[in-house]
Amino acid sequence: MEPMIDDVFVTSLNSGTDCVQVYDIATGAQLKSYRGYPAAPSTLALVGTSCQLVCGQRNKSLLQAWNINRHDNLQMRLIIPGKVNALAVSPRAPYYCVVAISEKIYVYKMSCGGVSGVGDRHYQSVTHLTFTPCGNYFASGGADGFVYVWSLAAFNDALHKTHPPHISPHYTLGQHSDKVTGITITSGGMKGTLVSCSLDHTARVYDLATGRQVYSLITPSPLTAVTTNTLGSQVLLGSSSGRINVVNLLPPPTPGDILVGDAGSSCHEKAVTHIAVTASGNRVVTGSDDGEVKVWTVTSTSLGTNDTITTPHLAIQRTIHTARGTITNLCVLRMEREVVDDVDLDIREIIRPLSQDYTSSPINASVTVHTKPRTSSALNITPQYTSVGGVGKHNTKGVRNSNEDLLRQICQLQTANSQLYKFAIKHILKDDVND
């Protein structure tokens, strides 16, 4: 039995109490299901390395989360300021959760639940969010057709200013003439490519190193889903007709418009809502409005000579999920088998309750430092106190010596603060070394 398996996480409408269902791609067997409320579209994400699962609740201002190895009960419900349109979580620590509510984008730091900032460049609802593999940038697409790339550094920089500036995107990549229905970023991250698709019958390929458009893939049907293989050499386009086209970008075509015919594989009876590729690249998983999730293999591609390229096709392997409603979320994760099977596995919780304060400056917010409990004798600070202004019993000289008493108290406070600082640095660094 292999220690690592490819799992597909699925949510759909009318799924009852089984909010998220998990299947083994290799066998099609259902591994488990997570109990909860119906999930909002484009909101399913994994937090940490096989730690916790989070998604938005449909038609509610709530997020719901589970420990990845437990599924019987809902572990946590998080309050947010509105109904969620899209959600994404950074793939690397420190983990950030980006939540789209209407046309605004809220950035939360998951370890403390604090709000890092709010982006409001879109003027219609945000439909898709996705992070780069490094976790330092994320992309957003909206019903207004715009595609933006944002830097987390810009949010964190504004966080430490008394009067934070308006947060601007790192790139404004372009604008489709209709709603953005999908965004994917290749494994190269900010040195790779981003592909967005839209109901305007086009998928646009951008070079993230320069922020410029390289290709525009034009199809006969509105596009509803997009993804690429691991290398970014093939783009898979799902359409409203239920067909999937595989477009080769190697060898690189001439930059500009590329006409994609209607010769793709007929995969579903209704619109394709999700496409995902396994880490090995040998399997493709698709979800549709017809309620089915299917596993496919990409047929071998013969490059031939000169410009002759054989069009790739998808061959069906199995149908692993059938539901009565639209597939609202689908993602493929490669995980250790014990993470799914072992309910007693110790999982480090990352998610904290989210802050509801979106107006006050974070500079004035209190900071809680968790330390190990110690005896009071460990803090060896000499008690030094003298009352001021004739109030205390130690003061007998009256008001004429008040200035001297104040100066003496300042010196005593400086000494106490210095001792406290040395104590804190010594023991905090010691805890880090022990951990």
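Computed from a prediction, not measured in an experiment: that's the story for all the values here. Residue numbers run from 1 in the order of the sequence given.
Residues forming a ring pair (Phe, Tyr, Trp, His ring centres under 6.0 Å) with Phe146 (at least two apart in sequence, or on another chain): Tyr148. Every side chain to side chain contact (heavy atoms under 4.5 Å, CB included) that Thr210 has, sequence neighbours left out, goes to Asp207, Arg212. The side chain to side chain contact (heavy atoms under 4.5 Å, CB included) search around Ser418 returns Lys422, not counting sequence neighbours. Here Tyr23 pairs with His321 under the ring pair (Phe, Tyr, Trp, His ring centres under 6.0 Å) rule; sequence neighbours left out. Every residue meeting the ring pair (Phe, Tyr, Trp, His ring centres under 6.0 Å) condition with Tyr137, not counting sequence neighbours, appears here in chain and number order: His170. Under the ring pair (Phe, Tyr, Trp, His ring centres under 6.0 Å) criterion, Tyr171 pairs with no residue at all, not counting sequence neighbours. Residues passing the side chain to side chain contact (heavy atoms under 4.5 Å, CB included) test with Asn329 are Thr11, Ala39, Thr43, Leu44, sequence neighbours excluded. Partners of Thr273 under the side chain to side chain contact (heavy atoms under 4.5 Å, CB included) rule, at least two apart in sequence or in another chain, are Asp289, Thr326, Ile327.
For residues 100-127, no residue pair satisfies the salt bridge (charged side-chain N to carboxylate O under 4.0 Å, His left out) rule, not counting sequence neighbours. Residue pairs meeting the salt bridge (charged side-chain N to carboxylate O under 4.0 Å, His left out) criterion with at least one partner in residues 180-201, sequence neighbours excluded, are absent. Applying the salt bridge (charged side-chain N to carboxylate O under 4.0 Å, His left out) test to every pair with at least one member in residues 162-185, sequence neighbours left out, gives no pairs at all. The salt bridge (charged side-chain N to carboxylate O under 4.0 Å, His left out) contacts involving residues 251-270 comprise Arg243-Asp262, where partners must be two or more places apart or lie in separate chains.
Met110 is listed as a side-chain neighbour of Val47, based on a closest heavy-atom distance under 4.5 Å. For the pair Tyr106/Ile80, no side-chain contact is recorded, criterion being any heavy-atom separation below 4.5 Å from C-beta on. A 4.5 Å side-chain heavy-atom check between Thr228 and Val195 finds at least one atom pair inside the cut-off. The closest side-chain heavy-atom distance from Val298 to Trp296 is not below 4.5 Å. Within the 4.5 Å cutoff, the side chain of Thr328 has heavy atoms near those of the Leu13 side chain. By the 4.5 Å heavy-atom criterion applied to side chains, Cys97 and Leu87 are counted as neighbours. Taking the side chain as every heavy atom from C-beta outward, Val285 and Val293 approach each other to under 4.5 Å. Residues Tyr37 and Gln64 meet the side-chain proximity criterion, which asks for heavy atoms closer than 4.5 Å.
From Asn245, atom CG reaches atom SG of Cys267 across 9.0 Å, with rounding to the nearest 0.5 Å. Note that the CD1 atom of Ile5 and the CZ atom of Arg334 stand 9.0 Å from one another [nearest 0.5 Å]. Rounding to the nearest 0.5 Å places CG of Leu330 at 11.0 Å from CZ of Phe9. Once rounded to the nearest 0.5 Å, the distance linking OG of Ser61 with CD1 of Ile101 reads 7.0 Å. With rounding to the nearest 0.5 Å, the separation of CG in Leu46 from SG in Cys55 is 12.0 Å. Between Thr278 atom OG1 and Asp7 atom CG the span is 12.0 Å, to the nearest 0.5 Å.
The closest side-chain donor-acceptor pair between Ser239 and Ser241 falls under 3.5 angstrom. For the residue pair Thr132 and Asn136, no side-chain donor N or O sits within less than 3.5 Å of a side-chain acceptor on the partner. Thr202 and His176 form a side-chain donor-acceptor contact under 3.5 Å, judged by distance and modelled atom types alone. In this structure, a donor-acceptor pair under 3.5 Å is present between the side chains of His122 and Ser140.
Minimum interatomic distance between Tyr215 and Thr254 (heavy atoms only, all atoms of both residues): CE2-O, 3.7 Å. In this structure, Tyr206 and Leu173 approach most closely via the heavy-atom pair CE2-O, 3.2 Å. Between Ser90 and Pro94 the shortest heavy-atom distance is OG-O, 3.7 Å. For the pair Ala139 and Leu194, the tightest heavy-atom approach, listed with the atom from each and the gap, is CB-CD1, 3.5 Å. Ile183 and Ser196 get closest at one heavy-atom pair: CG1-CB, 4.3 Å. Across all non-hydrogen atoms, the minimal contact from Ser42 to His128 is OG-CE1, 3.5 Å.
Checking side-chain atoms of Ser151 against main-chain N and O of Ala153 turns up a donor-acceptor pair under 3.5 Å. With hydrogens and angles disregarded, a donor-acceptor distance shorter than 3.5 Å links the side chain of Asn229 to the backbone of Gln234. The closest donor-acceptor contact from the side chain of Thr186 to the backbone of Thr193 lies under 3.5 Å. Of the possible donor and acceptor atoms, none in the side chain of Arg283 sits under 3.5 Å from a partner among the backbone N and O of Ala26. A donor-acceptor pair under 3.5 Å is formed between the side chain of Ser265 and the backbone N or O of Leu314. Between the side chain of Trp66 and the backbone N or O of Met76, no donor-acceptor pair lies under 3.5 Å. The closest donor-acceptor contact from the side chain of Thr127 to the backbone of Gly141 lies under 3.5 Å. The backbone N or O of Lys294 lies less than 3.5 Å from no partner atom in the side chain of Thr319, so there is not a single donor-acceptor pair. Between the side chain of Thr17 and the main chain of Arg35, no donor-acceptor pair closer than 3.5 Å is present. A donor-acceptor contact shorter than 3.5 Å links the side chain of Arg92 to the backbone of Pro133.
In this structure, Tyr123 places its OH atom where more than 12 heavy-atom neighbours from other residues, nucleotides or ligands lie under 6.0 Å away.
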message: Thr181 vs Cys197, test: side chain to side chain contact (heavy atoms under 4.5 Å, CB included). Steps then yes/no.
response: CA-CA 6 Å; Thr181 54; Cys197 69; 3.2 Å; yes

task: Please test His268 against Thr286 for side-chain hydrogen bond (donor to acceptor under 3.5 Å, both in side chains), starting from the C-alpha separation and ending with a verdict.
output: CA-CA 9 Å; His268 292 274; Thr286 62; 2.8 Å; yes

- prompt: Does the pair Ile218 and Val260 meet the rule for a side chain to side chain contact (heavy atoms under 4.5 Å, CB included), with working shown?
  reply: CA-CA 6 Å; Ile218 304 173; Val260 180; over 6 Å; no

task: Show the numbers, then the answer: is there a side chain to side chain contact (heavy atoms under 4.5 Å, CB included) between Ile275 and Val284?
output: CA-CA 7 Å; Ile275 309 176; Val284 176; 3.8 Å; yes

task: Before giving the answer on side chain to side chain contact (heavy atoms under 4.5 Å, CB included), spell out for Leu223 and Val226 the whole-Å C-alpha distance, their side-chain angles and the decisive distance to 0.1 Å.
output: CA-CA 8 Å; Leu223 296 178; Val226 64; over 6 Å; no

